[in-house]
Every structure is written in structure tokens, then in C-alpha cells.
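First up is the structure itself, then whatever we jot down about it.
Every heavy atom of this structure was used, including side-chain atoms; hydrogens, water molecules and symmetry mates were not. Labels below follow one simple rule: chain letters A, B, ... track the order of the sequence lines, proteins then strands, and each chain is numbered from 1.
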Amino acid sequence: MRIRVRFAPSPTGYLHVGGARTALFNWLFARHTDGTFILRIEDTDRKRSADRYEKAIIDDLRYLGLDWDEGLGIGGKYGPYRQSERFPLYKEYAKRLLKEKKAYYCYCTEVELEARRKEALRKGQTPRYDGRCRNLRKEEIKRYKKEGRKPTIRFKAPKKKVVVSDLVRGEVTFEADALGDFIILRSDGVAAFNFANIIDDMSMEITHVIRGEDHLSNTPRQILLYRALGIEPPKFAHISMILGPDRARLSKRHGATAIAEYRKKGYLPEALVNYLSLLGWYPPDGREIKSKKELTKEFFLDNISKPPAVFDNQKLNWMNGHYIRSAPLKRITDLAIPYLREAGYLKGRITPAKKKWLLKVIEATRTHLEYLAQVPKEVEVFFAKEVKISKEGKEILKKESSKRVLSTLKNKLKEIKEITDKNFKSLVKEIEKETGYKGKDLYLPIRIALTGKNRGPELRFILPILGKKECLRRLSLGRVGK
RNA sequence: GUCCCCAUCGUCUAGCCUGGUUAGGACACCAGGUUUUCAACCUGGCGGCAGGGGUUCAAAUCCCCUUGGGGACACCA
């Protein structure tokens, strides 16, 4: 049988790293097994769901390159793939359970329920529905109806031990009285999560449910529902949570958690995917840098690790930097252009000559990058109109040796047509020969006079990128080099 | 509070299932090399089996307890 897995986000917020990791694991498993990856939207909470989130989630999945074979925007024979369009189906199954006496109407109001819940919590008891509406007498029902109460439908949870057989955790046993009768259809007729979820998994013939560990304790409820419907449940794999540095569940207060934020900051999809793949999974050969193709080949549910994983931004940054350095220069340059525009360094159309120049600028600076939003800061020296020299820099320029090096450089520059990658070396050699200075005495004054800073991109990049004219202009700024 | 999950360097983790390893790798950190600087890169170093009981000739590995962390207990998903 062909493997069918799904990613089923609810559109109540942006795709965050945890969701992305779940989507990725599902995707990898589907691709590894040549199965089907399905995207389904769980929007039964009409109040919190929003179209813009649905759109954003789709954008982010596309950005990560996690394409789906069936579902939203694609269709398929198991559709519709939006739960809000499947309400009749849930109702039908709820009615069936009602008829089979496996569910019942409950007339308790939200206010009553909440009060009882709080009371139980206060007393240190497990908050659980007491089943008081299980056997309502006719007159009671009449009275409630008269009061205008709209009933929910509750599932009669059998008081039996439930064993969840989990692919990553093994057999997990839940005690018989751990759960009360839970709501499957709300008073407004909309299915509750546990119900809609299993009806869809069942009717979409999902074979493996790979999801966050926070769903592990939902699973016994769902298994009970499968049993009541006489259906074999899918296989479950609960992957551990992603934590912040303080070991609390990762959330906004830990900083960036939305994939969209990482995208905006200029994280490459392959870096994000690669880093996320390492959160709770380990490649058999121990080599961590992996393309999506390799990940697909090697990913299997066996080597998923159980303990929760702390999200390490430093490692992500390192990995993103690695991909920035090893990607084709042209691609990184193209990706950097929007950031340069935003910084005001680039305006209008980019001529081929300008593009060529930009490639060099990125080549000179990419080794310093962790993410693309850092580009403007790194390339500043090439765009600055003025050269601001630090106090220490001024001290160095005051030295007799510096003055001689710079005036020689100036003269040499005037003699040549243009400074290029090729003649840079010989130019420096000539200055060295003529002045007798080398090393720091030779290079540092040039760097400072040209950029104002004593660190930055390599000089062999700086001179050709600035060009003869700009070099001479900068040398004459602030009476330097006279 | 009750139930469930988890526990190897600061972090991600390999090793655990099928006891015998100098407990391995990656990020970070430190040092050296390379480079005119920084970065990148290369080499080396620092650093860990939460604690306590068992079982066994032998325990990171199997069992129990403690501790710690996380999750769930909604007309949220």
C-alpha cells in the first residue's frame, strides 16, 4: 500500500519552525517512500482562522520547497482539503455515533463547564467532564431546550486502557479513567479538532500521522474514536518539541520563530531545511551538511530521536553562512540586490556593467555573512561617499611611513589606466620596492585611507572594486597622503 | 494536582534495542597555522553519560526509585 501522509496546519498564525519541521519530516518520509504528501487546512476554529495565514503558510512551504501532491491549491480525489468545507461529513459521522449510542447530546453550557473545570483544578483534581448528560431524562431535555440551550455532541469514552503504539516512542499506555467524554461536535454544529482530525485522516486514507509530541495525549481519544467507527487507526509517530534556549517551548518571546521572518532576513531555504532536519533526526553517516536529495534518500522514521531539541540560532547562522559561501556567486548576488536597494545603495535599472561590479562586491564580502540582511552593513565601504577615519586610524596615517606609502600609491595610480585584479599585485610590489615598507606598514595605511577602518574585505578586492578614480578621490579626502 | 513523554559535552546529537568504545561527530568557545586585517579555511584543545540503588565478571547501554525538564488535561488546534 502506498504511504500517505499529511501536514495539517491550522491557519491561526504564521508557519513557525516547529510546524515547518513537522511538515519537513512528513515531506521527507513521503518522498523517501515514494508516497503521497498532502496539505490539509484545519480551520474548524472559525474565530481564529484567517485567509491571510493560510496564504502565508502556503508561501512559506513553497519557499522551503516542500511541495505537496494533493491538497490545497492542487486538489485530488479526497477533497475538499479545507476542513471548513467538510462540515457535512463530520455531522454525518456524529449522527452515526449518536444512532449507535456511542455519543450523546450534552446541554451543559460553556460557562458551567468552565466553572467546573476551574473548581476541579483548584481542588487539585483532573478536570474532566463528569458525564452528567449521558442519561438525561426526557423532561430534562425538554426543559433545556425550552431554555434555549444548544447542545454539543459528546463521545462516550469507554473506560478502558488505551495503548498507543508509537513509531518513535514505542507502546504508550494511558489509564482507563484518564479521559472523560469529550466533545466531537460543538453547539454551533462545527466539529471539534479530535473529531474532524480523525474523520479526515480516515477518509483521506492517511497511513502515517507524523506530528508534534503535544498531540501524544490526544491520541488515546482519537484511537477510541477510530474503534467506535470500526476503523483501523493509522500509524503514529510523535516527534519531540522544539525548545527555546531556556528549555521552554519555543515561542515568539524567544525571538524569530516564523519561517517568514527567517526568509525576510535572508536565510536560504536549503539551510533552513538542512538545519530543521537535524532537530530530532540524525543522518546515518553523521555528515550534517545534506542536500534535500540526500536527506530524502536517508530519512527514515527509525532514526528519529526522542528528547526535545533546543533551537540553536548560532548553528543555523553557521549553516546558512556555509550555504551562502558555497552557492553560485550569481545567485547570492541576485538575492542580495533587494537588500541593497532597501539600503538605498541601488536605484533603478541595473546595467550589465553594474551587475558585474556587484558580483565582485558580493564575492569580496560573502565570507562574512550569516544571512543576507547583513549585506548592506558588509558592503558599506564600497558605497560610502565619505571616509570616516577612527582616532587610531588617524594616528597610523600620521606616521611618516604611511605618508610615503600613500603618496607613492597616489602617483602609481595616476600612471596606470585602471586598477584591476591583475595589476593589483604588481602595483603593491612596486610600492614596496620604492618605499621599502612592507607588511602592516604597507597595507594598513592603504586600507585606512581608503575605507577608514582597519579591518574589512581583502585589499585585493577593495582597490579593483573602487577603481582608480574612486581610490584617488578617497586618497585626497581629508588631506590624506600628501 | 492527575496522566503522559524525555534525560550523553553549553547546544544539536552518535553510541543504548543486541552490556566489554581511549564515549565519536557538528555548532559555540580557546590555541596554532594560513591570510597585509577581519572573516573564511586547515590543525589541535577544552568539555558530557543528572543522582541513587539494583542485575552482571562487566552498565552510557537492562530494571527500579529520586530529581530535573517538557507536554496534555478546552464548545483551541
Side-chain angles (χ1 to χ4, degrees), chain A residues 8-13 42-45 47-49 83 106 108-110 113-114 117 120-129 150-154 164 166 168-170 172-175 177-180 182-188 190-194 196-197 211-221 238 240-241 243 245-249 275 278-289 303 305-319 321-322 325 365-369 378 428 438-444 446-448 453-460:
Chain A
S10 63
T12 54
E42 307 220 329
D43 57 347
T44 53
D45 185 346
K47 285 192 280 284
R48 292 201 304 148
S49 297
Q83 289 191 325
C106 168
C108 298
T109 66
E110 250 177 295
L113 258 15
E114 182 57 22
R117 205 178 86 90
L121 239 25
R122 197 185 58 77
K123 281 193 194 155
Q125 295 166 336
T126 305
R128 187 187 310 138
Y129 184 68
K150 284 233 163 52
T152 60
I153 296 177
R154 279 189 192 270
V164 177
D166 191 274
V168 350
R169 269 147 233 286
V172 182
T173 307
F174 289 84
E175 282 181 44
D177 55 353
L179 55 216
F182 52 93
I183 290 173
I184 56 175
L185 215 68
R186 298 191 283 235
S187 56
D188 60 0
V190 175
F193 162 75
N194 277 311
N197 193 266
R211 60 185 4 171
E213 202 207 309
D214 47 337
H215 286 290
L216 183 57
S217 34
N218 276 320
T219 312
R221 276 173 248 275
H238 288 96
S240 59
M241 303 274 87
L243 273 27
D246 58 354
R247 302 214 130 258
R249 191 187 185 148
Y275 179 70
L278 260 22
L279 253 32
W281 175 79
Y282 205 70
D285 66 359
R287 283 184 39 243
E288 298 190 342
I289 298 286
N303 26 331
S305 44
K306 296 197 251 198
V310 173
F311 192 85
D312 185 2
N313 247 307
Q314 258 179 337
K315 186 155 181 177
L316 204 214
N317 282 345
W318 164 79
M319 196 171 267
H322 167 85
R325 268 168 254 131
T365 51
R366 85 207 291 205
T367 50
H368 293 74
L369 297 174
E378 290 301 325
V428 174
K438 57 180 179 179
K440 268 196 164 82
D441 289 336
L442 172 64
Y443 291 98
L444 206 52
I446 299 177
R447 170 180 296 284
I448 293 168
K453 299 181 177 71
N454 48 10
R455 52 164 63 178
E458 293 179 49
L459 267 192
R460 67 184 175 93

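Candidate nucleotides B/rA77, B/rG70, B/rC5 were compared by shortest atom distance to the side chain of A/Ala248, and B/rG70 ranks first. When distances run from any side-chain atom of A/Leu278 to the nucleotides B/rA72, B/rC6, B/rC12, the shortest one goes to B/rC12. For A/Leu216, counting side-chain heavy atoms from C-beta on, the closest listed nucleotide (B/rC6, B/rC12, B/rC4) is B/rC4. Looking at the side chain of A/Met241, the nearest of the listed nucleotides B/rC75, B/rU11, B/rG71 is B/rG71.
Spacing between B/rA58 and B/rU21 at atom P, rounded to whole Å, works out to 14 Å. One P atom belongs to B/rU67, the other to B/rA28, and the distance between them is 38 Å to the nearest Å. Comparing B/rA60 with B/rG52, their P atoms are spaced 12 Å from each other, to the whole Å. Here the separation of B/rC64 from B/rC6, taken at their P atoms, is 12 Å to the nearest Å. A distance of about 43 Å separates the C1' atoms of B/rG15 and B/rU37, rounded to the whole Å. Comparing the same atom, C1', in B/rC62 and in B/rU56 gives a spacing of 10 Å after rounding to whole Å. Atom name P, nucleotides B/rA14 and B/rC30: the rounded distance is 27 Å, in whole Å. B/rA26 sits 33 Å from B/rU66 when the C1' atoms are compared, rounded to a whole Å.
For A/Arg325, there are no side-chain hydrogen bond (donor to acceptor under 3.5 Å, both in side chains) partners at least two apart in sequence or on another chain. Take A/Asp166 and apply the side-chain hydrogen bond (donor to acceptor under 3.5 Å, both in side chains) test, not counting sequence neighbours, and it matches A/His238.
For A/Glu110 and A/Arg117, the salt-bridge test fails: no basic side-chain N is under 4.0 Å from an acidic carboxylate O. A/Asp214 and A/Arg249 are joined by a salt bridge, as a carboxylate oxygen and a charged side-chain nitrogen come within less than 4.0 angstrom of each other.
Both distances falling under 3.5 Å, in either a Watson-Crick or a G-U wobble arrangement, occur for no nucleotide opposite B/rA58. The nucleotide B/rU21 finds no pairing partner, because no Watson-Crick or G-U wobble arrangement with both distances shorter than 3.5 Å includes it. Base pairing analysis places B/rU2 opposite B/rA72; the two distances defining the Watson-Crick or G-U wobble pair are each below 3.5 Å. Base pairing of B/rA77 is not made with any nucleotide, judged by Watson-Crick or G-U wobble geometry with both donor-acceptor distances under 3.5 Å.
With the nearest nucleotide of RNA chain B identified for both A/Leu113 and A/Gly280, A/Gly280 has the one nearer the 5' end.
In this structure, A/Leu279 reaches the sugar-phosphate backbone alone: every heavy-atom distance under 4.0 Å involves primed, P, OP1 or OP2 atoms, never a base. Residue-level contact check: A/Thr109 touches the bases, meaning some heavy atom is under 4.0 Å from a base atom. Residue A/Arg366 is out of contact with every strand shown, counting any heavy-atom pair closer than 4.0 Å. Across all strands shown, A/Thr12 has no heavy atoms under 4.0 Å from either base or sugar-phosphate atoms.
A cation-pi arrangement is found for A/Arg154 relative to A/Tyr129, the charged atom lying closer than 6.0 Å to the ring centre and inside a 45° cone about the ring normal.
Residues A/Tyr443 and A/Val428 are in side-chain contact: their nearest non-hydrogen atoms beyond the backbone lie under 4.5 Å apart.
What separates NZ of A/Lys306 from P of B/rC49 is a distance of 21 Å, to the nearest Å. Remark: C1' of B/rG10 and CZ of A/Arg247 are 10 Å apart, rounded to the nearest angstrom. Computed from coordinates, the A/Arg211 CZ to B/rA77 C1' distance equals 11 Å when rounded to whole Å. When rounded to the nearest whole Å, the span between CE of A/Met319 and C1' of B/rU11 equals 13 Å.
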Using a 4.0 Å cut-off on protein heavy atoms (strictly under), produce a 5'-to-3' string for nucleotides 26-47 of chain B with B for base contact, S for backbone-only sugar-phosphate contact, and - for none. BSS-------BBBBSS------
Working note: A/Tyr275 + A/Phe311, criterion ring-ring contact (aromatic ring centres under 6.0 Å, His included); need CA distance, chi angles, decisive distance, verdict. CA-CA 10 Å; A/Tyr275 179 70; A/Phe311 192 85; 5.3 Å; yes
Go through the steps to decide whether A/Thr219 and A/Arg211 satisfy the test side chain to side chain donor-acceptor pair (under 3.5 Å), and finish with yes or no. CA-CA 11 Å; A/Thr219 312; A/Arg211 60 185 4 171; 3.3 Å; yes
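Residue A/Asn303 places no side-chain atom within donor-acceptor reach of the base of B/rA14, judged by atom type and a 3.5 Å distance cut-off alone.
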